[in-house]
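Here is how names work: the chains are called A, B, and so on, in the same order as the sequence lines, proteins then strands, and each is numbered from 1. None of the values given here were measured: they were computed from a predicted structure.
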Amino acid sequence: MAEGLNPAQKSAVTHQTGPLAIIAGPGSGKTRVMTHRIAQLVSSGVSPASILAITFTNKAADEMLRRTQALLGAAMSTVLPGSGFLGPSALDLDDETPVLRTFHSFCARLLRRYIHRLEPYTSRFSIYDSADQLQLIGEVLKSLQLDRTSFPPRATLSKVSHWKNQMTGPEQASENSATFRDRELARVYFRYQELLEERDAADFDDLLLLLVRLFREHPDVLESMRSRFQFVLVDEFQDTNRPQYLIAKLLADEHRNLCVTGDPDQSIYSWRGASADNFLRFKEDFPEHSIITLDQNYRSTPQILEVASRLAGTEFGERKLFTENDAGPEVRVQQVRDERKEAAWIADCIESWKADAVSASEIAVLYRVNALSRTFEEEFVRRRILYSVIGGMSFYERKEVKDILAYLRAARSTKDDVALLRIFNVPARGIGKVSIERFVDAARDARRTLGEHLRSDGALDALRGKARKGVEQLRDVLAKLTQTSANSLTEQVELAIQASGYLPHLEKSEPESWQERQRNLEELVSAASETEEILTSVYASAIVDDPDFEVTDALSLFLERIALITDAEMKSSEEEQVSLMTLHSAKGLEYNKVIIIGVEENLIPHSRHGEIEGIEEERRLLYVGVTRAREELIMTHTSWRRRFHEREPRLPSSFLTELEGTSIAFERAEGGGFSKGGWQQDPFSYNAENSHDEEDGIHPGAWIRHEILGKGVILSAQGHGASKRISVRFEQGGEKQLVVAYAPVTPISPPDEEWDSS
DNA sequence: CCTACTTGTTTTTTT
DNA sequence: AACAAGTAGG
């Protein structure tokens, strides 16, 4: 089981019992070690079912299961191949297979079974996704009469979520709040939580918190989990937050067989409450632990690692990556004019790679924000380059899909008011804002949820005319769906589409896109039938017979998967397509060719980076991106980028400046010189030759001409040489920060004409 | 009281 | 460009 492993890897694999931390740099064979370790445990006689491995994404869970199975061969039951939508991890609940899940899906499954022990939840509880959460926050803001501009729902939600991740309750949040604003936010938090409970709903954060509560308040449940899972492994440990750590600790407290794997240098989720400090906590709570460090990189070329080390070096210089891999092509940094040129240039690259027989599935385009994918999608469609966007707007976030799912949710639970409100007047049935408000008020007076009120006798009293008819209609549709809940899941989905009259509504309200949306609904139906197939397959007994993980019904399983799945695993990975994704979603993946686009100031590092970890987390994020590459790495940045409506001038990322002096090839878009080691020799950097002396005519009060922005006056200057920055007010209007060495600016004599007032 | 149109805001990252 | 909230007609 330990063949082909280096000594450090070998000792991690053969470590039998007791706490173990594996600090694994990028490309050091971490997944290999984890899978070998699981396989090793099994072959030494440990029952697979007593192994719990927690991964960061469903995709990683599936990958790990696949690889473990390859190692164990017949020792484990075979997994239905290509189970697509559900993924193998849905099937991991029999005796022969270790349990491989994300924290969230592990919690969701356990809660489905045990949540009735926690007041006031029931086993039919709903899982609220971020859209649902936002909706709920909106309701809270309204009921507390807080103005949406001073309390932006998104920011409010993230504050609430932050508190929850810190395991700070609403009361405590209020006590700890120093400012009026924070106290108001704590009130929002309080009400938000109250509403969730009223509606029998848990948001993503609650899944974790409720499981902690369950373990603490019901020792018998914890006890049964402890004896069931004798070995606990947690991957990407640097990105676990407090409740997640607690869950792992509670499970492993007694038998001490906790193995955590991660890399503090790749911690990129502090904004979600994650902290590499959990390594410290682990060391304290498990003082008898062993630590194994994996630092030989098997993935990347020395050139790529040079860039990675330089990026990491400024912060954690102590740990260097090394490799015995052969040299590869040089890392390139390409400047282009704007995002369209960027997309075209990269499409060229991809086409020439493909001509060299590079598989498209070995190419990834990474970016800081999802919005950047759009231009590339357009270009790739035009050039017929097959691609798949990972993350971003997922299938289940589409309006039409969410609408139909809302029908199912509202029919299933009389408490899921977010779902009910979503479809109250969709399709339009003459129930306007005022009528809805009346209905909501009446329900509140009757101390019922909207769903309960709708089904009660006096529901229609407050309404007349069209609105009354509409509500009646809605009630009948839902009643129809509820009555037939004995039907198969697929039939329920089909019925929801039918009974709601959704298709005609689509055709009318979406003249542009109704056909595509209709196809999406067809896909939803087939996803439902796929879920069902798996439930009725030979594996059903494995899922249903396991009392700890019993699935109450197909619809619950369906909704759970939909809420927790990322669309990554829906895509057939067999096809040859270029992958597009954010730097965050790229974590844990690797590709032969990696292109990181938009390596620009205010994008990476992002202008709104979190206050807690700040710019260093942005650096680690780029580090993660860079270390995804096996043989070739390209980074691009533009001079202009369109944002919302305007074109904005862009500067190269300050991280690129730090990379000067490495073997990177910096290249300019239009006929520019090709230079090694930096920007200085670039003929387009007008100030290149004299940017190191201060007599360059670039000082406050002086006038400059910018190639694109026109004339402007320098307001202030900071720094020297390559890092000299100026702030300029342009005649065309607007002030801009520029880095002298890179911006196309020339000193000019002050204009004698008057300023144009326009 | 409902619908269609106009106006303002929006994007950081994800389970 | 896409979506929610706000405003005027029916």
Whole angstrom is fine here: how far is it from CZ in A/R374 over to P in B/dT11?
14 Å
Return the set of residues passing side-chain hydrogen bond (donor to acceptor under 3.5 Å, both in side chains) with A/R628 (not counting sequence neighbours), or none when no residue passes.
A/Q266
Of the options B/dT11, B/dT15, B/dT13, whose atoms approach the side-chain atoms of A/R154 most closely?
B/dT11
Examine B/dT14: is either OP1 or OP2 under 4.0 Å from a nitrogen or oxygen in the side chain of A/T582? Give yes or no.
yes
Determine whether a donor-acceptor pair (one donor, one acceptor, N or O, separation below 3.5 Å) exists between the side chain of A/H606 and the base of B/dT12.
no
Taking any heavy-atom pair under 4.0 Å as a contact, classify A/F103: base, sugar-phosphate, or nothing.
nothing
Just how far, in rounded Å, is C1' of C/dC3 from CG of A/L134?
12 Å
Face-to-face stacking of A/Y269 with B/dT14, centres under 5.5 angstrom, angle under 30°:
no
In terms of the angle between their ring planes, are A/F380 and A/F376 parallel, tilted or perpendicular, with boundaries placed at 30° and 60°?
perpendicular
When you match A/K466 and A/S607 each to their closest nucleotide on DNA chain B, which lands nearer the 5' end?
A/K466
Can you find a side chain N or O atom of A/N370 that sits less than 4.0 Å from OP1 or OP2 on B/dT12?
no
Rounded to whole Å, how long is the line connecting atom CZ of A/F56 with atom C1' of B/dT15?
7 Å
Any A/N165 side-chain N or O less than 4.0 Å from OP1/OP2 of B/dT15
no
Just by distance, with hydrogens left out, do A/T240 and A/N278 show a side-chain donor and acceptor under 3.5 Å apart?
yes
A/F204 CZ to B/dT13 P, straight-line distance once rounded to whole Å
15 Å
So if I take every side-chain heavy atom of A/A467 and compare against B/dC2, B/dT14, B/dT12, which nucleotide ends up nearest?
B/dC2
Tell me whether the side-chain N/O atoms of A/N602 come closer than 4.0 Å to OP1 or OP2 in B/dT12.
no
A/A428 side chain, from C-beta outward: closest of B/dT15, B/dT14, B/dT3
B/dT3
Any side-chain donor near an acceptor of the partner, A/T375 and A/E339, under 3.5 Å:
no
Are the side chain of A/S126 and the backbone of A/Y128 linked by a donor-acceptor contact shorter than 3.5 Å?
no
note: A/I431, atom CD1; B/dC2, atom C1'; distance rounded to Å ~ 11 Å
Which sits closer to the 5' end of DNA chain B, A/N425 or A/S130, going by the nucleotide each is nearest to?
A/N425
Atom CD1 of A/I390 to atom P of B/dT14: distance rounded to whole Å?
12 Å
OP1 or OP2 of B/dT14 less than 4.0 angstrom from a side-chain nitrogen or oxygen of A/S585, does that happen here?
yes
When only distance counts, do a donor and an acceptor, one from the side chain of A/R272 and one from the base of B/dT13, lie under 3.5 Å apart?
no
Who passes side-chain hydrogen bond (donor to acceptor under 3.5 Å, both in side chains) against A/R272, sequence neighbours left out?
none
Nearest whole angstrom, please: distance from the P of B/dT14 to the CD of A/Q133.
15 Å
A/H104 has a side chain; which of B/dC2, B/dT15, B/dT13 sits nearest to it?
B/dT15
Measure the distance from NZ on A/K159 to P on B/dT12 and round it to the nearest whole Å.
17 Å
